[in-house]
Each structure stands twice: as C-alpha cells, then as structure tokens.
> 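Have a look at the structure that comes next, please.
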Amino acid sequence: MVMGNNIEMDVKKLLTPLVKMKNANISMSVKFGEAEEEEDWEPMGPTPKPKVPTLRHWDFKLLERYPPFYMPICDLCCLCTFGKCDLSRGKKGACGLNIKAQQARIVLIACCIGTACHTGHSRHLVHHLIEKLGKDYPINLGNEIEVEAPITRTVMGIRPKTLGDLEKILDYCEEQITHLLSAAHTGQEGDYLDFESKAFHAGMIDDLAREVGDIAQIVAYNMPKGDEDAPLIELGFGCIDKSKPVILCIGHNVVPGSYILEYLEENNMEDDVEVCGICCTAIDISRVSDKAKIVGPLSRQLMFVRSGVADVVVVDEQCIRTDILEEVLKTGAVLIATNEKMCLGLEDVSHLSEDEIIGYLLRNRAALILDEEKVGKVAVEVAKIVAKERKDRKTLPDLNEVVELAKQCTECGWCNRNCPNAFKVKEAMTLAKQGNFDGFVDLYKKCYSCGRCETICPRNLPIVSMTTKVGEAYYKDLKFKIRAGRGPIKDVEIRSVGAPIVFGDIPGVVALVGCSNHPNGEEEVALIAKEFLERKYIVVTSGCAAMSIAMWKDKDGKTLYEKYPGEFRAGGLVNCGSCLSNCHITGAAIKIANIFAKVPLRGNYAEVADYILNKVGAVGVAWGAMSQKAAAIATGVNRWGIPVIVGPHGAKYRRLYLSNGEKFKVKDKKTGEILEIDPVPEHLIVTAENVKECICMIPKLCMRPNDNPKGRANKIYHYVDLYEKYFGKMPPDLEKFVRTEKDIPFMMKDKIMAYLEEKGWKPLEKYPQDPTILY
C-alpha cells in the first residue's frame, strides 16, 4: 500500500476469490493520502450516534399525532416466574405492568429480534469480507453516487470509506440492541410511549444495519451499483433445467451461494449445473451472477422442495422452514447448513477436507459446514452425483393418486379453519374426488404453502404435495423475468425527481416490500404495482415483494419488469434488491432532503425525518408482512416519517399508529405561525382489509402538507379516480384533504364541489409554505 499522493492499491485484492468472477468489472477507488478529513465534509449535527433516549423528543412528536392503537392477541403475560399474569380489564401484572405497556413491550421485543437478525447478517458479511479483503477495502459505489450511505451519514455522522468503517457502525448497532432488549426485562420500562420510542430506535438501528450489509456486499461482490439497466433474470419453477444437477439456496446470506457460483466459473461448469434460490438469497446470488435463477419468494419454499427437483439444498439464515431438514431428506436430496444461526442438530464437518465432506454427505445426506468457501466445491460435486439418482426418485403423487388421496378426505373442514387465509381446501378435496382439479389449481395460484392444513388434517393427507402436483401438471409456463436488484438510487436521479416529488407533481413514491403471505398470491402485489406505474408514480420494491411482482404477466406475456424502466422516475419500477436493500428506499427519501433541499445529514436525524414527514410523498406497502424483521423495517420507516400500509395479517403485529383524523398542527418556518392543517399523512402505520382498500389508501397517504395546489390536485385526482374505480363512489373523507378550491383537479371540479357543498366543507384560510413539527 502506498500512501501520500500515490494510488492506494493492494494487488492481492485483484486476485481475491470475491472479485475474480468471469466478466466482472473490477472497480477500485483512488485515494490521495489522508487529506480529506471527516470534519471537512459537513458540520456535525446535534445527534450523532444517538443513544436510546436521544431522539425521544422526536418520537414523542410522532406519537402525539399518531398514538398507538393496540389489538392484544393475548392479555396474559408469561415472561417471568410470577406469571401467568392476567392483564385484562385494567388489571396489572405482578411487576406492575398494564396491558398497554405489555403490548408495547411485545412490539419492542419483535423489533429487537428483527433488528438483531439484520445486524447479525450484516456482521457476518462484514466480518467475512474483512477476513478476505482486509479492513481497508474501499467502499466505492461509482462516480454517480456521492451520498453513498445516507442513513449512516444521518445516524452516525460519518461517511464510511472502508469495510473497517462498516465494522465500527455495527459495533454501535449491537450496543444499542443490547440496551433496547434489556429494557424489556421484568422491572424495567413501565410506560407504553417509552416502549414505543425504544421500538422506533430499534427500527432505526435496523435500517442502519441493513445499509451496512448491502453496501458491503455490493462493493465486495461487484453487484450493480444503482444500475437502472441491471439484467433481467429468469424466475419461476419453469426456468429450472431439471436435466442438470440442481443446487437450491434458501435464506438471506449470499456468501455460500457466491462460492458455489465461483467454483462453477473456475471449472467452466456454469452451463452444466443449475444454481437457483428462494427468498432473498435468490435475489442476491442473481446480483452476483446473471447465471443464477430465482425460484420465487419464500411462499414457494415447501412446494419447490417437495417437487424433488433440487439435488442439494443449501440453507444459510432467516425465513427458512425450521423443518427443512426433514422435508429435504424425504425427497432424497442432500442438505447443507452453513450458518451458526441455523445448525439443525447436524454434525459440524467444517474441519474435514472438501473431499472428506463429500464422502460424509453421500453417506449421511446432511451436514453443517461453517467454512462457506468449502461449500462451493462440496455442493457442486455432491449435486453432480445425487442428480444421477434423481430420475429414479418419485416425490409427488401422480394425478391418479391425488384423486385416490382426496377420496380419503372426510370433509371435516379442519383444513379450511386452520388456513391463515381461509382458503377452500376442503372444497378442492371434494372436487378432486371426482377427478376435477379446479379447486387445487386455484389453491396453487394463491397458497403460500405454510402447510398448516397438512398439520391439522386428521387423515394425514399430503395436501401441499397434492397441490404442488396439480400445479405442476396445469401450469406449464412458469417462467418469468425480474430485473436484478440494482442497489442504491443515483444522485442524478434524485436531482431529477426531487422537486416534482416534494411539490406533488409526481404523485408519490410507492414502496412495495415485505413477505409473501398476502391473501391472494402474487397477483395482488403485481396489480398494486401495475396500477401505480400506469399512473406515473415511482414504484420501488425489494425482497419477496419484488419476486411476487415478477410472477404475473399481462396479456402479451410480459412481466412488469419487461414493460417498465428500472429508473427512479415517474413510471419507473425499481427493484433495489433483497431485504437488506430496503435501506435504499428510505435512503432515497433522505437523499431528496439532502440533495434537493440541502438539508444537512450529518448527525441530524430529526430535521431530516421532519423534512420527509412533511414534504416527501412516499408510502410503504408491506402487503405480506410476516416476520419480526418486517415489524422492525416498518417501525424504522415510520421513524423517518414515512407511513406504512400492512396487509390484513399485519394486524397480528398488535399495534398501529393511527391519528384521530382531526386537524394537525405545524409551524410555518417562513412566518413562524402555528397553523392547523389538513391531516396528512393521515396515519403512520395502518392495515388495509383487502387489496382495493390498500390501493385507495396509497394516494391518500402520499399527500403532504408541503404539496403545492397543482401537486395536491394531482394527488386528489388519483385518490378520487381510484376510489370511484374500486368502490364506485367518491371517497367518504375527501373533504379533509381539499385545502382550497385550487386543490381541486380541473376535470373533476363540478362533482367535487357538489360533494364538498354537501359535506359543508370550508376552505382553510391559510396553510404553511414550509411546514415543520419541530417547534
């Protein structure tokens, strides 16, 4: 390494296994000494590295406007040895806690679990990459991204330059998680609002940890760096070539999958072995190589494993079925666990040589290998051997057997009652007895294969296997295209859309994220995206939602990724990447504040969040929110001032942030006046009971106090038009959001004025030009 004004370069880095992929573009930063000091880039704001109570004042501002609304699933507390304590009807527990604080505590614990999950994932990545590349490996996202880590800049007050800097950020995250989780211990926090403030803090740490993880993997694996033309990747059951050995990667951690791809490349076997994935690992391996294929979101996990197509299943961490070992072994495939967070009771064979591990796996069919580098050769070589056995294996019943199995059904209906979405499993069985598979075909389209129907079936019928077989027989063309995760939004894109978003000319940014347990399959998520792309909103997505959007085609046989550009602009469909990449969505809102409005980021959380709350018309939609990670993500997004809509299952998180819909108060920074304004955004986290309600809620939650009349008219147009389209009438609360007649879209003026007169609407005398709640 040469310092001073010379180029800093370590030749060994050019030879590292992480960057010697074929056709990879090797990038490196040029650093001229240590001339650039941290102090030079921006004055330090008031809250660098905030501790748990540092942003409490901001949290209480939000909670005053959006008080928590609790829906206890259980009114008992069973966390200590005094319990079970009945907290119903105003009773307190033995520690003095009431039901409200208990619910807030449960939310905090859920957010801490989710945050720890992302932080642990990022820690593993950064630790592994530092071990391979060194602490000084540079963070370089290219010349078009100067604000490389907007969350880190705002929260930590630093600009990360190396992998070593990322490690320091994770030190901070882990310290905060420890404090937050300790607050949930018996005999600590007792106030529900302070529990909520701590949950906000956990969500913010979650956002920060995800940014660290995604930046680390982007620079180390040369993933797309904001590339709007990232390649279109194959997705779906039908794109897997069953004639080849098949390796299936499940989970969220790209490391083992990357070694498999590397081994194939080094040995010129890229076209001889299929490497595919489920859940976020699938998206991330396709960011490493466009040879990797995506089976689908986590909802397709059990069905695909049951299909017996995979010869080797490699699991890493998060969102993997905990009975995956049992399911894989039933198919005759081999399972390799690769992460200390999911050992599955398997023997750790990491100390053996690769050839010894191969022998062990062929004898024992499963093992724990914590040296991911060995997984590359082992998975490939084992798959080549096991694939030869596959042609003789039968893992699913044939259609005649499905009929015979259905005849064993007593139609007790437990399957329907146990299905989280109340799908008509019993009716599918009844039809199948007659050789009619229409019911199972419908199930295949919508079911996310949790397997609860099987678990409860008193006849032990393999309902998921029956559904999978029928789907396999009736859906021949399960091939789709998804654009590979592009990572961050470029600064130049923010400069182009900053003003139109802030003033409302672009009606909103819709972020479709979350899990895949939505009520009616992938189609609903795709239809939400389609509706708002056609209306020139910016649609951003990641994780399972990004995959779900891809699993729908129009009448021309094209997915939305093939029809719409990948740019962050009106009518653009932006796939940022995996769950870790959610950070780039909040990052885009932060960059609008910084790049367009010149709001300083450095250690300046509350001012940035206040700007986003009042001026950036963005809304998150977690139509399938399932895990604790989703709870942490949504709560973190809320702290930035961005509202979130969760699907019907989101109510099971037990807490929403709802306003009473009455006039809100803000300060106009231009005049110093405190003004009552229209209630925008109306809620901070809210559920929608069905997809129609969700679609109609989106334009409403994209309204902001800062909208100019033209922008607000644009947003009201979409709100009214969508409500009439899906419910056949005017929105029942429209009068709340029309400030003056200038806000009424010209082509709807007559009917809206007639509606407003009927409601006794009065225009606001004035509304703020520069609103803030920080006063």
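Computed from heavy atoms alone, side chains included, the values below leave out hydrogens, waters and symmetry copies. A quick note: this is a predicted structure, and the numbers were derived from the prediction, not measured.
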> Do you know which two heavy atoms are closest between Leu235 and Met551, and how far apart they sit?
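Result for this residue pair: CD2-CG, 3.3 Å.
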> Could you tell me whether the side chain of Tyr605 and the main chain of Arg639 form a donor-acceptor pair under 3.5 Å?
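Pair found, side chain donor or acceptor close to backbone of Arg639.
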> Looking only at heavy atoms, what is the nearest atom pair of Ile642 and Asn638, with distance?
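Of all heavy-atom pairs spanning Ile642 and Asn638, the closest is O-ND2, 3.1 Å.
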> Considering non-hydrogen atoms only, spot the tightest contact between Ala546 and Asn575 and give its length.
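For Ala546 and Asn575, the tightest heavy-atom pair comes out as CB-OD1, 3.4 Å.
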> When you compare the side chain of Val691 with that of Trp623, does any pair of heavy atoms fall below 4.5 Å?
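Counting from C-beta outward, Trp623 and Val691 do come under 4.5 Å.
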> Kindly determine whether Cys319 and His252 satisfy side chain to side chain contact (heavy atoms under 4.5 Å, CB included), including the steps that lead there.
CA-CA 8 Å; Cys319 302; His252 282 66; 3.4 Å; yes
> Are Asp770 and Lys615 within salt-bridge range, i.e. N to O under 4.0 Å?
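A salt bridge links Asp770 with Lys615.
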> Looking at every heavy atom in both Gly543 and Cys280, which two are closest together, and how far apart are they?
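Answer, listing the atom of Gly543 first, then Cys280: CA-SG, 3.9 Å.
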> Less than 4.5 Å apart, side chain to side chain, heavy atoms only: is that true for Leu734 and Trp761?
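SC-SC contact between Leu734 and Trp761 ruled out.
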> Okay, side chain of Asn708, backbone of Gly504: is any donor-acceptor separation there less than 3.5 Å?
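Here the side-chain-to-backbone pair does not exist.
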> Do Pro679 and Phe737 have side-chain heavy atoms sitting under 4.5 Å apart?
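Touching, per the 4.5 Å side-chain cut-off.
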> With a 3.5 Å distance limit and no angle check, can you tell me whether Arg287 reaches the backbone of Gly577 through a side-chain donor-acceptor pair?
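Not a single qualifying donor-acceptor pair exists.
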> Out of curiosity, Met547 CE to Glu522 CD, how far, rounded to the nearest 0.5 Å?
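Here the rounded value is 10.0 Å.
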> Which value, rounded to the nearest 0.5 Å, describes the distance between Ile645 atom CD1 and Leu701 atom CG?
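If we round to the nearest 0.5 Å, Ile645:CD1 and Leu701:CG are 5.0 Å apart.
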> Just by distance, do the side chain of Thr115 and the backbone of Ile205 share a donor-acceptor pair under 3.5 Å?
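No: the side chain of Thr115 does not pair with the backbone of Ile205.
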> Is a donor on one side and an acceptor on the other found under 3.5 Å between the side chain of Arg655 and the backbone of Ile685?
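Answer holds: no.
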> Decide whether Tyr726 and Glu693 meet the rule of one side-chain donor and one side-chain acceptor closer than 3.5 Å.
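No, no side-chain donor-acceptor contact under 3.5 Å.
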> How about Phe480 and Trp552: are their ring centroids closer than 6.0 Å?
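Here the rings of Trp552 and Phe480 have centres that are no less than 6.0 Å from each other.
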> Given the ring of Phe568, does Arg495 sit roughly above its face, with NZ or CZ under 6.0 Å from the centre of the six-membered ring and within 45° of the axis?
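No; the conditions do not both hold, so Arg495 does not lie above the ring face of Phe568.
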> Is it true that Lys700 and Asp733 make a salt bridge, defined as a side-chain N closer than 4.0 Å to a carboxylate O?
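Salt bridge between Lys700 and Asp733, a charged N being under 4.0 Å from a carboxylate O: yes.
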> Closest heavy-atom contact between Leu722 and Cys696?
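Scanning both residues completely, I find the closest heavy atoms to be O-SG, 3.6 Å.
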> According to the interplanar angle, ranging from 0 to 90°, do the rings of Phe503 and Phe596 count as parallel (below 30°), tilted (30 to 60°) or perpendicular (above 60°)?
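If you compare the ring of Phe503 with that of Phe596, the planes turn out perpendicular.
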> Where do Tyr561 and Leu573 land on the side chain to side chain contact (heavy atoms under 4.5 Å, CB included) test, with the steps shown first?
CA-CA 7 Å; Tyr561 292 102; Leu573 176 56; 3.7 Å; yes
> Quick check for you: to the nearest 0.5 Å, what is the distance between Leu533 atom CG and Leu560 atom CG?
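Rounded to the nearest 0.5 Å, the CG-CG separation comes out at 6.0 Å.
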> With side chains defined as the heavy atoms from C-beta onward, is the minimum distance between Arg704 and Asn614 less than 4.5 Å?
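They are not in contact (no side-chain heavy atoms under 4.5 Å apart), so the answer is no.
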> Evaluate side chain to side chain contact (heavy atoms under 4.5 Å, CB included) for Lys759 paired with Leu756, printing each intermediate quantity in order.
CA-CA 5 Å; Lys759 291 276 190 172; Leu756 293 175; 5.5 Å; no
> Does the structure place the NZ or CZ of Lys530 under 6.0 Å from the centre of the six-membered ring of Tyr564, at an angle of no more than 45° from the ring's axis?
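No - Lys530 does not lie over the ring of Tyr564 by the 6.0 Å and 45° rule.
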> Indicate yes or no: at least one non-hydrogen side-chain atom of Met703 is less than 4.5 angstrom from one of Asp678.
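Counting from C-beta outward, Met703 and Asp678 never come under 4.5 Å.
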> Is Glu211 paired with Arg153 through a side-chain N to carboxylate O contact shorter than 4.0 Å?
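Judged by the 4.0 Å cut-off on N to carboxylate O distance, Arg153 and Glu211 do not form a salt bridge.
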> Tell me, yes or no, whether the heavy-atom count around Lys742 atom NZ, taken from other residues, nucleotides or ligands under 6.0 Å, exceeds 12.
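Check fails, neighbour count at 12 or below.
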> Side-chain donor-acceptor pair under 3.5 Å between Asn421 and His649, yes or no?
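Yes, His649 and Asn421 have a side-chain donor paired with an acceptor closer than 3.5 Å.
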> Do the side chain of Arg486 and the main chain of Pro224 share a donor and acceptor less than 3.5 angstrom apart?
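Not confirmed, Arg486 side chain does not pair with Pro224 backbone.
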> For residues 720-731, pull every pair meeting salt bridge (Lys or Arg N to Asp or Glu O under 4.0 Å), keeping only residues two or more places apart or in separate chains.
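Listed once each, the pairs are Glu531-Lys725, Arg535-Asp721, Glu724-Lys751.
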> Is it true that, when you exclude Glu534 itself, more than 12 heavy atoms of the residues, nucleotides or ligands shown sit nearer than 6.0 Å to its CD?
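Buried by this count: over 12 neighbours within 6.0 Å.
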> Is a side-chain N or O of Thr772 found less than 3.5 angstrom from the main chain of Lys667, in a donor-acceptor match?
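No, Thr772 side chain to Lys667 backbone: no donor-acceptor pair under 3.5 Å.
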> So how far is it from Ile590 CD1 to Thr586 OG1, rounded to the nearest 0.5 Å?
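One finds 5.0 Å between CD1 of Ile590 and OG1 of Thr586.
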> Could I get the full list of ring pair (Phe, Tyr, Trp, His ring centres under 6.0 Å) partners for Phe200, not counting sequence neighbours?
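Phe200 satisfies ring pair (Phe, Tyr, Trp, His ring centres under 6.0 Å) with Tyr657 once adjacent residues are dropped.
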> Can a salt bridge be assigned to the pair Lys445 and Asp442 using a cut-off of 4.0 Å between side-chain N and carboxylate O?
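Looking at Asp442 together with Lys445, the answer is no, because their closest N to O distance does not fall below 4.0 Å.
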> Using a 4.5 Å cut-off on heavy atoms from C-beta on, say whether the side chain of Pro763 contacts that of Glu741.
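Result no, sub-4.5 Å side-chain heavy-atom pair not found.
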> Should Ile698 and Cys694 count as side-chain neighbours, where that means a heavy-atom distance under 4.5 Å?
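When only atoms from C-beta onward are counted, Cys694 and Ile698 do touch, with a gap below 4.5 Å.
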> So does Leu656 get a backbone contact from the side chain of Tyr66, meaning a donor-acceptor N/O pair under 3.5 Å?
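The answer is no, because no donor-acceptor pair under 3.5 Å joins these two groups.
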> When rounded to the nearest 0.5 angstrom, what distance separates NZ in Lys669 from CG in Asp610?
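Spacing of NZ (Lys669) from CG (Asp610) equals 6.0 Å.
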> What I want to check is whether the side chains of Glu493 and Ser496 have a donor and an acceptor closer together than 3.5 Å.
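Per modelled atom types, Glu493 and Ser496 side chains form no pair under 3.5 Å.
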> Distance from Leu601 atom CG to Lys591 atom NZ, nearest 0.5 Å?
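Rounded to the nearest 0.5 Å, the CG-NZ separation comes to 10.0 Å.
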> Looking at Asp750, I'd like to know if its CG atom is crowded, meaning that more than 12 non-hydrogen atoms belonging to other residues, nucleotides or ligands lie closer than 6.0 Å.
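No.
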> So, are Glu562 and Lys553 salt-bridged, with charged N and O less than 4.0 Å apart?
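Answer for the salt bridge query: no.
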> When you compare the side chain of Phe532 with that of Pro507, does any pair of heavy atoms fall below 4.5 Å?
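No, their side chains stay 4.5 Å or more apart.
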> May I ask you to decide if Glu146's main-chain N or O and Asp491's side chain share a donor-acceptor pair within less than 3.5 Å?
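Flag set: sc Asp491 to bb Glu146 pair under 3.5 Å.
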> Quick one: sort the Tyr719 and Tyr723 rings into parallel, tilted or perpendicular, breaks at 30° and 60°.
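Taking Tyr723 first and then Tyr719, their aromatic rings stand perpendicular (interplane angle over 60°).
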> For side chain to side chain contact (heavy atoms under 4.5 Å, CB included), just list the numbers for Met626 and Leu298, CA-CA rounded to whole Å, side-chain angles, deciding distance to a tenth of an Å, and then say yes or no.
CA-CA 11 Å; Met626 179 191 75; Leu298 65 88; 4.1 Å; yes
> Checking Asp668 side chain against Gln769 main chain: does a donor-acceptor pair fall under 3.5 Å?
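Yes; judged by distance alone, with no hydrogens or angles, the pair exists.
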> Can you name the closest pair of heavy atoms from His518 and Ser548 and give their distance?
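Heavy atoms only, the tightest pair is NE2-OG, 3.5 Å.
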